[in-house]
Novice: 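Below is one structure. I have some questions about it.
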Amino acid sequence: MIDVYYWPTPNGWKVTIMLEECGLEYRVHAVDIGGGEQFKADFLRISPNNRMPAIIDNAPLGGGKPLALFESGAILEYLADKTGKFLPKEPAARYTVLQWAYWQMANLGPMMGNANHFKNYAKKIVDDEAQLTYGTKRFVGEVDRLCGVMDAQLGANRYLAGADYSIADMLSWSWAMLLEKLIDDAVWSKFPNLKRWVDEVGARPAVQKGRNVHKEWSERQLTEEQEKARREILFNQTNDKVRNAREEAARASS
Ligand SMILES: N[C@@H](CCC(=O)N[C@@H](CS)C(=O)NCC(=O)O)C(=O)O
């Protein structure tokens, strides 16, 4: 049994999609990131970066005591190695998949996160028009560039890493399926190969199941006051703000 520490966001869906694709048994634990649950001592012991998703595999690959992992890319690579699925063993094919997996982790995810922040949230937090314009242009422009990279790759290949569906597709799809909603409502007309792939991957039953795990948690109606309190937790994190939680976690585990 695998324990999954989760909230319904793109990074969370990556893990539930992979678990569904592999047919692995799992148990979901809510980490309400807008409510600050990522700072709880128990969670920080599993995920010291105070971010979900994370997992504990109670019957880990290689045996031994339960294995805790954070970072969605590492989790999918691990689950692929555990099951022998969606990450080839043959070196050339394996590193081709991993190169696109790391591409997602370092590029599409963070840039879409920042573009979404400037387009949809920053105006609720800062008044300075110049800051808003610069941040939006910088990150939306970078997302546009990354869409071009994916579109070219998917024009020549059925999937991101070639002919076979892999963890690289699951990692990138979870973000790419939100491009139109969050970043650019004209994206699909500009990038038809990307659209073809988003639709094809999105039609997979395991992808639909994984993406919908506890969807209702993110659909709750919140008051403006509640939204504001959640933004304060999510968008105002500096080392000194998270230090207390980290120290408490360290004390609790010593
Ligand atoms: N690179 C990490 C990113 C994880 C991440 O940013 N998770 C967000 C939700 S999508 C989170 O937990 N945020 C909590 C916070 O900002 O405190 C991964 O892919 O696992």
Side-chain angles (χ1 to χ4, degrees), residues 2-34 37-39 43-58 60-61 66-83 85-87 94-117 143 146 150 159-161 165-179 182 197-198 201-202 204 206-215 217-218 234 237:
I2 295 179
D3 288 295
V4 184
Y5 297 81
Y6 168 90
W7 196 249
T9 74
N11 290 318
W13 301 332
K14 294 169 179 174
V15 174
T16 45
I17 287 171
M18 177 66 171
L19 288 162
E20 291 292 341
E21 289 282 16
C22 295
L24 289 166
E25 251 193 293
Y26 63 98
R27 190 161 51 200
V28 176
H29 305 266
V31 183
D32 178 0
I33 54 177
E37 290 183 355
Q38 67 275 41
F39 298 109
F43 181 67
L44 285 174
R45 272 197 295 279
I46 304 166
S47 182
N49 191 37
N50 64 267
R51 297 282 187 275
M52 72 86 220
I55 62 165
I56 296 180
D57 186 353
N58 295 289
L61 179 64
L67 174 68
L69 286 174
F70 66 97
E71 280 294 327
S72 57
I75 295 169
L76 265 66
E77 192 173 335
Y78 168 76
L79 294 174
D81 282 341
K82 180 174 167 129
T83 56
K85 290 179 176 168
F86 308 113
L87 177 60
R94 180 181 180 86
Y95 293 111
T96 302
V97 169
L98 288 178
Q99 114 194 314
W100 283 100
Y102 293 135
W103 175 87
Q104 190 290 321
M105 298 305 298
N107 293 274
L108 187 66
M111 293 306 133
M112 273 191 73
N114 283 322
N116 180 35
H117 180 84
V143 169
L146 297 169
M150 281 191 287
Y159 294 109
L160 269 181
Y165 178 63
S166 72
I167 59 168
D169 298 293
M170 295 179 222
L171 292 166
S172 289
W173 182 88
S174 297
W175 280 101
M177 58 87 73
L178 289 173
L179 278 162
L182 298 182
W197 168 87
V198 163
V201 174
R204 294 176 69 92
V207 171
Q208 290 177 10
K209 207 159 170 217
R211 184 253 176 276
N212 286 324
V213 169
H214 288 297
K215 197 177 180 185
W217 290 345
S218 58
L234 285 171
Q237 296 180 15

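If you read the sequence from its start, that first residue is 1, and numbering goes on from there.
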Novice: Can Y102 and N107 be counted as having a side-chain donor-acceptor contact under 3.5 angstrom?
Specialist: no
Novice: Going by atom types alone, do N11 and W175 pair a side-chain donor with an acceptor below 3.5 Å?
Specialist: yes
Novice: If you define the side chain from C-beta out and look only at heavy atoms, does anything of L98 sit under 4.5 Å from R94?
Specialist: yes
Novice: Does the side chain of L146 come within less than 4.5 Å of Q104's, by heavy atoms?
Specialist: no
Novice: Given N58 and I2, is the side chain to side chain contact (heavy atoms under 4.5 Å, CB included) satisfied, shown in steps?
Specialist: CA-CA 6 Å; N58 295 289; I2 295 179; 6.0 Å; no
Novice: Which label fits F43 and Y5: parallel for a plane angle under 30°, tilted from 30 to 60°, or perpendicular past 60°?
Specialist: tilted
Novice: Quick check: do M52 and T9 have side-chain heavy atoms less than 4.5 Å from each other?
Specialist: yes
Novice: Is there a side-chain contact between Q237 and N50, using heavy atoms and a 4.5 Å cut-off?
Specialist: yes
Novice: Which heavy atom of S166 sits nearest to which heavy atom of V97, and what is that distance?
Specialist: OG-CG1, 3.7 Å
Novice: Between R51 and F70, is NZ or CZ placed under 6.0 angstrom from the six-membered ring centre and within 45° of the ring axis?
Specialist: no
Novice: Quick check against the 3.5 Å criterion: does D81 have a side-chain atom that pairs as donor or acceptor with the backbone of Y78?
Specialist: no
Novice: Below 4.5 Å, heavy atoms only, C-beta onward: do M18 and I75 meet side chain to side chain?
Specialist: no
Novice: Would you please test V201 and M170 for side chain to side chain contact (heavy atoms under 4.5 Å, CB included) and show each step?
Specialist: CA-CA 8 Å; V201 174; M170 295 179 222; over 6 Å; no
Novice: Got L178 and P10 here, is their nearest side-chain heavy-atom distance under 4.5 Å?
Specialist: yes
Novice: Any sub-3.5 Å donor-acceptor pair from E20's side-chain atoms to K209's backbone N or O?
Specialist: no
Novice: When you measure from the side chain of S218 to the backbone of K215, do you find a donor-acceptor pair of N or O atoms at a distance under 3.5 Å?
Specialist: yes
Novice: Of all the heavy-atom pairs spanning T83 and C22, show the shortest one and how long it is.
Specialist: OG1-SG, 3.7 Å
Novice: Using 0.5 Å steps for rounding, measure from the CD1 atom of I167 to the CD atom of E21.
Specialist: 12.5 Å
Novice: Could you pull out the closest heavy-atom pair between L234 and I33, with the gap in Å?
Specialist: CD2-O, 3.5 Å
Novice: What distance do R45 atom CZ and I56 atom CD1 have between them, rounded to the nearest 0.5 Å?
Specialist: 9.5 Å
Novice: Kindly give the heavy-atom pair with the smallest separation between A115 and V143, and that separation in Å.
Specialist: CB-CG2, 3.8 Å
Novice: State the CD1-CG distance between I46 and L67, to the nearest 0.5 angstrom.
Specialist: 11.0 Å
Novice: Side chains of Y6 and H214: does their closest heavy-atom pair fall under 4.5 Å?
Specialist: yes
Novice: State the CG-CG distance between N116 and L182, to the nearest 0.5 angstrom.
Specialist: 4.5 Å
Novice: Run the side chain to side chain contact (heavy atoms under 4.5 Å, CB included) test on F39 and V31 for me, step by step, so that the C-alpha distance in whole Å, both residues' side-chain angles and the decisive distance to 0.1 Å come before the verdict.
Specialist: CA-CA 9 Å; F39 298 109; V31 183; over 6 Å; no
Novice: Sort out for me which residue in Y159, W197, W173 forms a ring pair (Phe, Tyr, Trp, His ring centres under 6.0 Å) with Y165.
Specialist: Y159
Novice: Going from CH2 on W100 to CG on L171, what distance comes out if it is rounded to the nearest 0.5 angstrom?
Specialist: 13.0 Å
Novice: Can you tell me how far CG of D57 sits from CG of L79, rounded to the nearest 0.5 angstrom?
Specialist: 7.5 Å
Novice: Set out, in order, the CA-CA distance, both residues' side-chain angles and the distance that settles side chain to side chain contact (heavy atoms under 4.5 Å, CB included) for M105 and S72, then state yes or no.
Specialist: CA-CA 8 Å; M105 298 305 298; S72 57; 3.3 Å; yes
Novice: For residues 3-16, pull every pair meeting salt bridge (Lys or Arg N to Asp or Glu O under 4.0 Å), keeping only residues two or more places apart or in separate chains.
Specialist: D3-R27
Novice: Would you call P53 and W13 a side-chain contact if the rule is heavy atoms closer than 4.5 Å?
Specialist: no
